[in-house]
Trainee: 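One structure follows; several queries about it will come next.
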There are 2 protein chains.
Amino acid sequence: MNLDARISVLERSSFFNDANRDTLVHAAETASECPVAKDEQLFRQGEEASHSYLLAWGRVRLDQTTSDGRNVVIRYLGPGDLIGTVAVLRRKPYPATPVAVEDGMTLFWGAEKKAQLIAEHPVLATNAIELTGSRLEELQERLREVATQRVERRIAATLLRQVRHAGRRVEDGVEIPFTLTRGEIAELTATTLHTVSRTLAAWEQEGILSGKRASHLVITKPHRLVEIAEQE
Amino acid sequence: MNLDARISVLERSSFFNDANRDTLVHAAETASECPVAKDEQLFRQGEEASHSYLLAWGRVRLDQTTSDGRNVVIRYLGPGDLIGTVAVLRRKPYPATPVAVEDGMTLFWGAEKKAQLIAEHPVLATNAIELTGSRLEELQERLREVATQRVERRIAATLLRQVRHAGRRVEDGVEIPFTLTRGEIAELTATTLHTVSRTLAAWEQEGILSGKRASHLVITKPHRLVEIAEQE
DNA sequence: CGTTTTATTGACACGTGTCAAGGGTGGTGG
DNA sequence: CCACCACCCTTGACACGTGTCAATAAAACG
């Protein structure tokens, strides 16, 4: 990528909202590039945080693994999202493992460089807080869901969240533009792939959504999903 | 409180870590005071964020309420903790309701004043990120717990977390220095007070902990609790 | 075209929520 | 100071959602 390409990547990230040209140029100049292939990990949970990444394009799943090998998907990340940045700023180990679910490209900075960038450009600090805050709020919401709601509602809410973050209009509804296996939905929803399978099968019957296997999910009746997510 | 008293309150908050004297004085001078009585709310979930609070002393429970009236306890806050600050910086509604579980005292700032403070003292921005980041990490941990672990393990983990945050050594173990009803533990653990009651009853039998009713919980065998929290 | 991964579906068991009833404790007001 | 009243906790019985186990089928991949 040349400098202009990098800058336009940065401009699309909310982390650089309201940043002036100097900031963008400086950040773009000091970044390195790293492609990620599908199923590749950017780093592993527990490692010392050495780099902060910005996803230029592609799609990444953030995994958290239990000591006994079970897995929870914290969230999916798309173009413009930061990865590992909070850990870098806190000088703590990475709390989760990012895995690419499709080929992609990242820009990255060393830990010190990133900290320096933020120190020299206060607007970035503000944006970092905004960003962390919104993730915090989303996690609070999910915690509440898992704590109080039945599986069916949670699956509906989870799919709707993916739509909000990354949904794309297609002719017969809204599409989630990346592959989501039943197993992955299960790990996002705190249930098993069996229950997800049963639930989605029922919804497909009802014509709420469609899309088997590796094809992308298409929600044909989002309003029905909203109803399910909000039902008493 | 006079200025010195305020400053020493601020000094005990990790939000003012590494802050120089000027910063502390400036923050102390611009703060107002507000006592909170037991069971009083500082503000309510959903309101526009107008003030940022710092808990000088006392203990506050952060509640998140579902539309259907169910409740989840996000976390407990103690002296030095910030309340509502992330919402203020994000110019978003408060995502939860803080309720005092004992009489306490807060310092607070208006939204603009707080934003200005942080803008003028970059070290505070860094600390805000640190703080938000650590809460984020804690929530990720809890989400994983609720998603993958049995109730007994979750209760053990929850109690240990309280001990870590606020535990106090006493003669026969560690004490959680505020009242925790079974119902509150249930809302912290994503279960019902019935299950909590049964579990704690069993633990009391085993001599792991003691403390009925309004008295504070005393963990007599923390190592056993750790075992339970980590058991396969 | 075989091999591997992912999904489907059924049977079953078990943890835990739900419902119900009673017992303590602490606080309040007469 | 005592009695009453909330509120909280305890305990049992039971049902139900969902996880677990197992076997098959269907795609995807090389």
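Heavy atoms only: backbone and side chains are in, while hydrogens, waters and symmetry mates are out. Each chain gets a letter, A, B and so on, in the order its sequence line appears, and its residues count up from 1. None of the values given here were measured: they were computed from a predicted structure.
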Trainee: Taking only N and O in the side chain of A:T191, is any of them less than 4.0 Å away from OP1 or OP2 of D:dG19?
Mentor: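 Yes, A:T191 has a side-chain N/O under 4.0 Å of OP1/OP2 on D:dG19.
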Trainee: Salt bridge or not between B:K38 and B:E102? Use side-chain N to carboxylate O under 4.0 Å.
Mentor: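 No, B:K38 and B:E102 are not salt-bridged.
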Trainee: Tell me: CZ of A:R154 to C1' of D:dT18, nearest whole Å?
Mentor: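 Rounded to the whole Å, the gap is 10 Å.
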Trainee: Can you tell me which nucleotide in C:dT9, C:dG17, D:dT20 comes closest to the side chain of A:R70?
Mentor: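 It is D:dT20.
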Trainee: For B:I185 and D:dC8, give me the distance from atom CD1 to atom P, rounded to whole Å.
Mentor: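 Going from B:I185 (CD1) to D:dC8 (P), I get 13 Å.
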Trainee: Provide, to the nearest angstrom, the distance between the CG atom belonging to B:L200 and the P atom belonging to D:dT11.
Mentor: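 Atom-to-atom, B:L200 to D:dT11, this comes out as 11 Å.
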Trainee: Side chain of B:R182 only, please: which of C:dA7, D:dC9, D:dT18 is the nearest?
Mentor: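 Within the option list, the nearest is D:dC9.
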Trainee: Distance check needed: D:dA23 C1' versus A:L193 CG, whole Å only.
Mentor: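 Atom CG in A:L193 sits about 14 Å away from atom C1' in D:dA23.
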Trainee: Check the distance between C:dG26's P and B:H216's NE2 and give it to me in whole angstrom.
Mentor: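 So the two atoms are 13 Å apart, to the nearest Å.
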Trainee: Are B:R224 and B:E227 ion-paired here, with the side-chain N under 4.0 Å from a carboxylate O?
Mentor: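 The answer is yes: the pair qualifies as a salt bridge.
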Trainee: Roughly how many Å is it from CD in B:Q205 to C1' in D:dT11, rounded to a whole number?
Mentor: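 After rounding, the reported distance stands at 13 Å.
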Trainee: If you check the A:T181 side chain, which of C:dT16, D:dT18, C:dT6 turns out closest?
Mentor: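 Of all the options, the side chain of A:T181 is nearest to C:dT6.
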Trainee: Indicate, yes or no, whether a donor-acceptor pair under 3.5 Å links the base of C:dT16 to the side chain of B:H194.
Mentor: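 Counting by modelled atom types and ignoring angles, no donor-acceptor contact under 3.5 Å is found here.
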Trainee: For B:R198 and D:dC8, give me the distance from atom CZ to atom C1', rounded to whole Å.
Mentor: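 Going from CZ in B:R198 over to C1' in D:dC8 covers 15 Å.
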Trainee: Separation of A:W203 atom CH2 from C:dA7 atom P, in whole Å?
Mentor: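 Those two atoms, CH2 and P, are 16 Å apart.
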Trainee: So, does B:T195 get its side chain near the phosphate of C:dG17, meaning an N or O under 4.0 Å from OP1 or OP2?
Mentor: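 Yes, because at least one side-chain N or O of B:T195 sits under 4.0 Å from OP1 or OP2 of C:dG17.
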Trainee: Could you pull out the closest heavy-atom pair between A:F108 and A:E33, with the gap in Å?
Mentor: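 Nearest heavy atoms, A:F108 then A:E33: CE2-O, 3.6 Å.
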Trainee: Using 4.0 Å as the upper bound for N to carboxylate O, is an ion pair formed by B:R161 and B:E145?
Mentor: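 Counted as a salt bridge, because a side-chain N and a carboxylate O are separated by less than 4.0 Å.
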Trainee: We want to know whether B:T132 and A:T132 form a side-chain donor-acceptor pair, criterion being a heavy-atom distance below 3.5 angstrom.
Mentor: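 Judged by distance alone, the side chains do not pair up.
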